[in-house]
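For reference, positions follow the sequence shown, starting with 1.
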Amino acid sequence: MWKTEATGVAHVETAVRQCLPPCEIKCPINEDIQRTNVLISLLPEDMDSAREGIIQISDYLYERNPFFNICGYICGICELECNYLKKGGAIKRRLLKRFLSDVYTDHLKEVGEFEIVKNKEAVAIIGGGPGGLMCAYHLGKRGYNATVFEASDRLGGALWLVPDYRLPKDVLQTTVENLVRIAGIDVRYNSKLGVGDLTLERLKNDGYKAVFLATGLPFPRVLTFEGQSLEGQDLAGVMYGHTYLYEVSHNNITPDYFKGKRAIVMGGGNVAFDVARSAKRHGAEVTVVALERNDKDHRDGIPADEQEIRGAWEEGIKIIYSRGVRRIIGERGRFRGINCPACVSVFDEEGFNPKFDCADCIDLEGDILIITVGQAPDRSLLQKEDLLDECGRFDVDHLTLQGVNKPWVFVGGDVRRVGFMVEAMGEGLVAAESVDRYLRGVDMREGRRRDYEGYQIPRRRDYKREPEVPWMPPEDRMHFKIFEQGFTLKEAIEEARRCVTCGPCLSCKACISIGFQKSLSPVEVDEARCSGCGHCVYVCNYYSAHLISSGEKIVSETDIFRCKSCGMCVAACPSEARRMVDDNTAERIDELYSSLTQCPSQNFV
């Protein structure tokens with residue numbers, strides 16, 4: 001079994017030009033996707049033998065991303081930019097990480113606490129969601145005394161609102177419990193900013209040298225039409241998606257809670273579909289009404305993931321696109337229906353600004369209305385803490401997340417900009433770096449604005465189709481247990497091998513980490529020998545070899561950022577103008593043949 005060493009060589013290095021595969025650029029924490037895909041592809045096909053390798057790969061991922069096993073259930077943002085997306089289907093990175101998670105989640109209990117001396121300043125993190133915990137984890141690794149102040153009695157934030165059929169609660173619980181143990185994070189539960197004497201100034205007076213505010217979005221957004229809040233949201237039968245999912249997560253909703261009821265869910269995001277599919281499991285006949293179009297490629301396309309939409313459709317949920325709500329209809333204090341005008345556009349040049357055609361309206365009858373159109377921060381608290389500008393926006397530096405009025409306060413996560421879980425994690429990572437720089441008194445911005453360059457998919461004769469991922473039939477999955485089948489070891493290896501490793505070797509180095517190669521072998525061109533014939537350009541599958549003018553002649557050149565050191569150009573060069581520097585392939589072949597000739601009694605096929 002090979003052993004991989006987490007030497008850090010694959011981490012993105014500060015440079016004028018930083019080249020990564022597009023999946024890693026899309027990932028807000030720039031996870032080493034290519035490297036770990038390669039390592040999964042090299043696992044032995046026997047589970048007992050592969051387990052050691054799975055733990056090594058997982059340890060490497062965990063070092064940067066202590067939520068990677070949760071990502072394996074609910075995060076596939078990298079797949080949206082996979083070069084394979086239009087060729088044979090994106091590499092199923094989420095399921096590859098879930099495969100690792102199936103082994104590593106239980107192993108987390110055996111991982112020891114970081115052996116780091118906590119001799120640096122005390123830092124307060126307000127909010128124990130993904131952003132806050134990510135910041136605390138990385139500050140703890142740097143030797144800071146991080147304390148998380150959590151408003152509720154459990155860590156994880158909005159992750160608890162994800163239905164169990166997508167994210168099992170035992171996986172979430174195991175992840176957050178071990179994260180704070182491993183990183184040595186102090187946690188204060190039921191500690192809400194603004195309640196009692198817990199204020200930013202009080203924290204500063206108590207000795208905390210910096211604060212990261214990651215409180216999330218605790219309040220639901222109300223339903224509006226043309227800028228005005230709609231009447232009727234206080235009717236019996238009207239509720240908000242966030243509230244409903246909160247009750248579901250606390251097991252306060254009985255299995256037949258909506259039996260025989262017609263539920264209308266207003267919203268088009270993943271949370272709206274979580275609400276709709278949960279309500280279906282609680283017995284309702286469900287209709288989703290969304291402002292957005294069903295064409296996801298359109299500017300006004302519905303934001304929910306395709307698999308969420310597909311799942312809802314399979315489960316018998318009706319989806320009505322391009323409709324808003326002009327009026328909530330009630331009778332004797334109870335909800336009875338909504339009046340829905342056509343939505344002709346959702347966004348304009350200024351951003352979210354829906355326009356409606358009130359001459360085209362339909363009425364929908366229902367017993368339950370669940371409003372799921374987003375969340376909002378506690379603005380009165382933020383204003384009181386002097387964190388907002390005169391326009392009501394956060395007065396922070398968008399690169400460093402540092403407050404303008406209070407430079408010792410940093411703000412990130414959903415409270416600053418609503419997004420996916422991994423985007424909040426990314427801001428937690430940024431905040432940890434900023435807090436460290438602030439407390440060390442070094443430049444807050446130097447070297448942090450990076451421009452990444454993506455890569456085209458390497459040329460292949462054909463591209464492999466994505467595998468089918470089995471789901472339970474709709475009639476058998478009206479429960480809250482996981483219904484998506486994960487990869488077996490063999491399937492995970494096959495899917496990892498489908499990855500064509502678009503990114504450069506310089507940002508991967510998987511082969512070096514396991515000792516397969518001692519170093520990368522760059523390709524040199526002898527311009528005196530080169531005739532500029534272009535054979536190397538023709539055979540290069542990675543767009544690395546190209547022709548340039550050099551003096552009065554045309555010669556070939558190698559883009560070291562794109563080169564894979566495969567040797568195709570060297571073999572194809574008729575004038576032997578190309579060579580691989582420090583390449584020991586010939587010696588290794590000689591050693592192999594030598595070892596075979598020393599075993600004459602064995603038959604090698």
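Note on ring orientation: taking the six-membered ring where Trp is involved, the planes of Tyr104 and Phe68 are tilted (angle from 30° to 60°). Ring-plane geometry between Phe258 and Tyr244 is classed as tilted, the angle between the planes lying from 30 to 60 degrees on a 0 to 90 degree scale.
Between Phe212 and Leu139 there is no side-chain heavy-atom pair separated by less than 4.5 Å. Inter-residue side-chain proximity for Arg154 and Gln173 is flagged as unmet; no heavy-atom pair is nearer than 4.5 Å. For the pair Asp106 and Lys109, the minimum side-chain heavy-atom distance is below 4.5 Å. Using a 4.5 Å cut-off on side-chain heavy atoms (C-beta onward), Arg98 and Ile482 make contact. Thr488 is not listed as a side-chain neighbour of Phe99, based on a closest heavy-atom distance of 4.5 Å or more. Looking at heavy atoms from C-beta onward, Val435 lies in side-chain contact with Phe410 at the 4.5 angstrom threshold. For the pair Ile40/Phe487, no side-chain contact is recorded, criterion being any heavy-atom separation below 4.5 Å from C-beta on. In this structure, Asp32 and Lys509 have side chains that are not in contact, with every pair of non-hydrogen atoms separated by 4.5 Å or more.
Shown are Asn205, Asp206, Thr199; of these, the side chain to side chain donor-acceptor pair (under 3.5 Å) with Arg202 is made only by Asp206. Of the candidates Arg416, Arg445, Arg448, Asp397 forms a salt bridge (Lys or Arg N to Asp or Glu O under 4.0 Å) with just one, namely Arg445. When each of Glu495, Glu484, Glu79 is paired with Arg94, the salt bridge (Lys or Arg N to Asp or Glu O under 4.0 Å) condition holds for Glu484 and for no other.
Residue His398 qualifies as open at atom NE2: its count of foreign heavy atoms under 6.0 Å is 12 or below. Within a 6.0 Å radius of NZ in Lys118, more than 12 heavy atoms belonging to other residues, nucleotides or ligands are found. Within 6.0 Å of CD in Glu468 there are 12 or fewer heavy atoms belonging to other residues, nucleotides or ligands. Shown here is Tyr257, whose OH atom has no more than 12 heavy atoms of other residues, nucleotides or ligands within 6.0 Å. Applying the 6.0 Å contact sphere to CZ of Arg449 captures no more than 12 heavy atoms from other residues, nucleotides or ligands. Around OH of Tyr246, the count of heavy atoms belonging to other residues, nucleotides or ligands within 6.0 Å does not exceed 12.
In terms of modelled atom types and a separation under 3.5 Å, the side chain of Asp436 and the main chain of Ala432 share no donor-acceptor contact. Using modelled atom types, no side-chain atom of Ser249 and backbone atom of Glu247 make a donor-acceptor pair closer than 3.5 Å. Counting only distance, with no hydrogens or angles, the side chain of Arg437 and the backbone of Asp443 share a donor-acceptor pair below 3.5 Å. No donor-acceptor distance shorter than 3.5 angstrom exists from the side chain of His250 to the backbone of Asn252, with no hydrogens or angles considered. The main-chain N or O of Lys120 is never found under 3.5 Å from a side-chain atom of Lys209 such that the two would form a donor-acceptor pair. The backbone N or O of Ala496 sits nowhere less than 3.5 Å from a side-chain atom of Asn37 that would complete a donor-acceptor pair. Within the 3.5 Å criterion, the main-chain N or O of Lys490 finds no donor-acceptor partner in the side chain of Glu45. For Glu81 (side chain) and Lys26 (main-chain N/O), no donor-acceptor pair under 3.5 Å exists by modelled atom type. Thr105 places no side-chain N or O within 3.5 Å of a backbone atom of Asp102 that could act as its donor or acceptor partner. At distances below 3.5 Å, not a single donor-acceptor pair connects side-chain atoms of Ser434 with backbone N or O atoms of Ala431.
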- Walk me through it: do Tyr84 and Lys464 pass the test side chain to side chain contact (heavy atoms under 4.5 Å, CB included)? CA-CA 9 Å; Tyr84 232 128; Lys464 298 176 182 178; 3.8 Å; yes
- side chain to side chain contact (heavy atoms under 4.5 Å, CB included) between Leu193 and Leu213, worked out: CA-CA 10 Å; Leu193 187 68; Leu213 187 73; 3.7 Å; yes
- Message: I'd like to know whether Tyr73 forms a side chain to side chain contact (heavy atoms under 4.5 Å, CB included) with Arg166, so could you lay out the CA-CA distance, the side-chain angles of the two residues, the decisive distance to 0.1 Å, and finally the verdict.
- Response: CA-CA 6 Å; Tyr73 287 89; Arg166 289 181 59 207; over 6 Å; no
- Task: Might you work through the side chain to side chain contact (heavy atoms under 4.5 Å, CB included) test for Tyr62 and Leu179, ending with a clear yes or no?
- Result: CA-CA 10 Å; Tyr62 193 85; Leu179 187 156; 4.1 Å; yes
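In summary, the side chains of Arg181 and Asn178 do present a donor paired with an acceptor at a separation below 3.5 Å, with no hydrogens or angles considered. Counting only N and O atoms by type, the side chains of Thr147 and Asn145 include no donor and acceptor under 3.5 Å apart.
The minimum heavy-atom distance linking Ser278 with Leu245 is given by the pair OG-CD2, 4.1 Å. Nearest heavy atom pair, residue Ala136 against residue Ile185, reads CB-CD1, 3.6 Å. Taking both residues in full, the closest heavy atoms of Pro130 and Met425 are given as CB-CG, 3.8 Å, listed atom of the first, atom of the second, then distance. The nearest pair of heavy atoms linking Ala146 to Ile125 is CB-CD1, 3.9 Å. Scanning both residues, Pro504 and Gln34, for their nearest heavy atoms gives O-NE2, 3.8 Å. In plain terms, the two heavy atoms of Thr254 and His282 that are nearest each other are O-CD2, 3.3 Å.
The CG atom of Asn83 sits 9.5 Å away from the SG atom of Cys499 when rounded to the nearest 0.5 Å. Once rounded to the nearest 0.5 Å, the distance linking OG1 of Thr36 with CD of Gln56 reads 13.5 Å. Atom-to-atom distance recorded for Leu159:CG and Leu167:CG is 6.5 Å, nearest 0.5 angstrom. In this structure, Ser513 OG and Tyr60 OH are separated by 7.5 Å, a value rounded to the nearest 0.5 Å. Once rounded to the nearest 0.5 Å, the distance linking CG of Leu198 with CD1 of Ile126 reads 5.5 Å. For the atom pair Cys511 SG and Leu520 CG, the distance stands at 6.0 Å (nearest 0.5 Å).
For Glu494 and Arg497, the salt-bridge test fails: no basic side-chain N is under 4.0 Å from an acidic carboxylate O. One finds a salt bridge joining Glu31 and Lys97 here, because a Lys/Arg side-chain nitrogen approaches an Asp/Glu carboxylate oxygen to under 4.0 Å. A salt bridge links Arg142 to Glu433: at least one charged side-chain nitrogen sits closer than 4.0 Å to a carboxylate oxygen. Salt-bridge formation is detected for the pair Glu466/Lys92: a Lys NZ or Arg NE/NH1/NH2 atom is positioned less than 4.0 Å from an Asp or Glu carboxylate oxygen.
Cation-pi geometry between Arg281 and Tyr165 is met: under 6.0 angstrom from the ring centre, within 45 degrees of the axis.
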